[in-house]
Each structure stands twice: as structure tokens, then as C-alpha cells.
Amino acid sequence: SKYGKQFGGWKRHYKNEHNLWDYLFFKIHLRHKPKTEYDGLEDHVASCIARNDLSWMPWHAAIAIDTKDDEENRELEFARLQKQLAEMGPALGARINDIQEQMSSDLATMKRQLAILERSTADAQGGGASVR
């Protein structure tokens, strides 16, 4: 094959560039990392995994093979990735809104708790009325 002659063979490629254990470890990493701390790639892959969508994994393609014969495949892959990005836009926007709402709620809670603490501290320092 073209890959075998140019790049040292398929076995070297999948052991060094696409080691199956790396994909398993990445899935385990996602399972244990808080979703609110995902970066863009992690969020995309986690979303794919949740939908049983394997498009995030390499499939019959290798970046190491760069020939003119692959130009059409690159264009198709680019179009596919653009479509995926466009589809992710609304989901990312909704996720950002959810995070903003949660942060606003948390901030309001913290402000209420701080006000209670400040009143308690002022009452204790000023000899205010005690609650019985």
C-alpha cells in the first residue's frame, strides 16, 4: 500500500499515531472530568460518544499521507467538519447560557449568604439583640 511504502507500515502507524489504548484512556478521562471543565474538543467528543457517533475517531484516513490523490477527500472532510461545527453552534450557545444562569444563581446565593454573615458579625460586634 501507499502508506506502507511511504510511512513504515500500518502497524507502526496505528501503534504510534492511533494507539487504541489512547482512545480508551481519553474516554475514561472524559467520564471522570467534570463536564463544566471540558474544552472544545472534549465537549465535542463527549457529545459524539453520548450519541454513539464514532465520527470523532479516525476512519480510513491518515494525515501522514499527503498526496494530490487525497485532495478530494480532504475537501470532503473539510466540508463534513464545517457542517459539524455549524451543528455544534446552537448546542454550545445553549451550554454557555446554562453556565451563565448557574453562575448568576450562585452569585445571588453567595451575596445573600454574605449579607447574612455581615449582619451576624455586626450584631455580635455591636451587641445587637440576640435571638432566643
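All values below were derived from every heavy atom in this structure, side-chain atoms included, with hydrogens, water molecules and symmetry-related copies excluded.
- Under the 4.5 angstrom side-chain criterion for Ile, Leu, Val, Met, Phe, Trp and Tyr, the cluster partners of I99 are M103.
- Every residue was checked against the salt bridge (charged side-chain N to carboxylate O under 4.0 Å, His left out) condition with D98, not counting sequence neighbours, and none meets it.
- Contact check for W56 versus I49: side-chain heavy atoms found under the 4.5 Å cut-off.
- T109 meets the side-chain hydrogen bond (donor to acceptor under 3.5 Å, both in side chains) test with R112; sequence neighbours excluded.
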For residues 24-36, which side-chain N or O atoms pair as donor and acceptor with protein atoms under 3.5 Å away, sequence neighbours left out?
{"residue": "H29", "atom": "NE2", "partner": "E42", "partner atom": "OE2", "Å": "2.7"}
{"residue": "K33", "atom": "NZ", "partner": "E37", "partner atom": "O", "Å": "3.2"}
{"residue": "K33", "atom": "NZ", "partner": "E42", "partner atom": "OE1", "Å": "2.7"}
{"residue": "K33", "atom": "NZ", "partner": "E42", "partner atom": "OE2", "Å": "3.2"}

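- In terms of modelled atom types and a separation under 3.5 Å, the side chain of S104 and the main chain of Q100 share a donor-acceptor contact.
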Using residues 114-122 as the side-chain source, report each donor-acceptor pair under 3.5 Å to any protein atom, sequence neighbours left out, with the distance given to one decimal.
{"residue": "S120", "atom": "OG", "partner": "I116", "partner atom": "O", "Å": "3.0"}
{"residue": "T121", "atom": "OG1", "partner": "L117", "partner atom": "O", "Å": "2.8"}

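- For D106, the side-chain hydrogen bond (donor to acceptor under 3.5 Å, both in side chains) partners are Q102, not counting sequence neighbours.
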Report, one line per pair, each donor and acceptor closer than 3.5 Å where one atom sits in a side chain of residues 78-91; sequence neighbours left out.
{"residue": "R80", "atom": "NE", "partner": "E77", "partner atom": "OE1", "Å": "3.0"}
{"residue": "R80", "atom": "NH1", "partner": "Q84", "partner atom": "OE1", "Å": "3.4"}
{"residue": "R80", "atom": "NH2", "partner": "E77", "partner atom": "OE1", "Å": "3.4"}
{"residue": "R80", "atom": "NH2", "partner": "E77", "partner atom": "OE2", "Å": "2.5"}
{"residue": "Q84", "atom": "NE2", "partner": "S55", "partner atom": "OG", "Å": "2.9"}

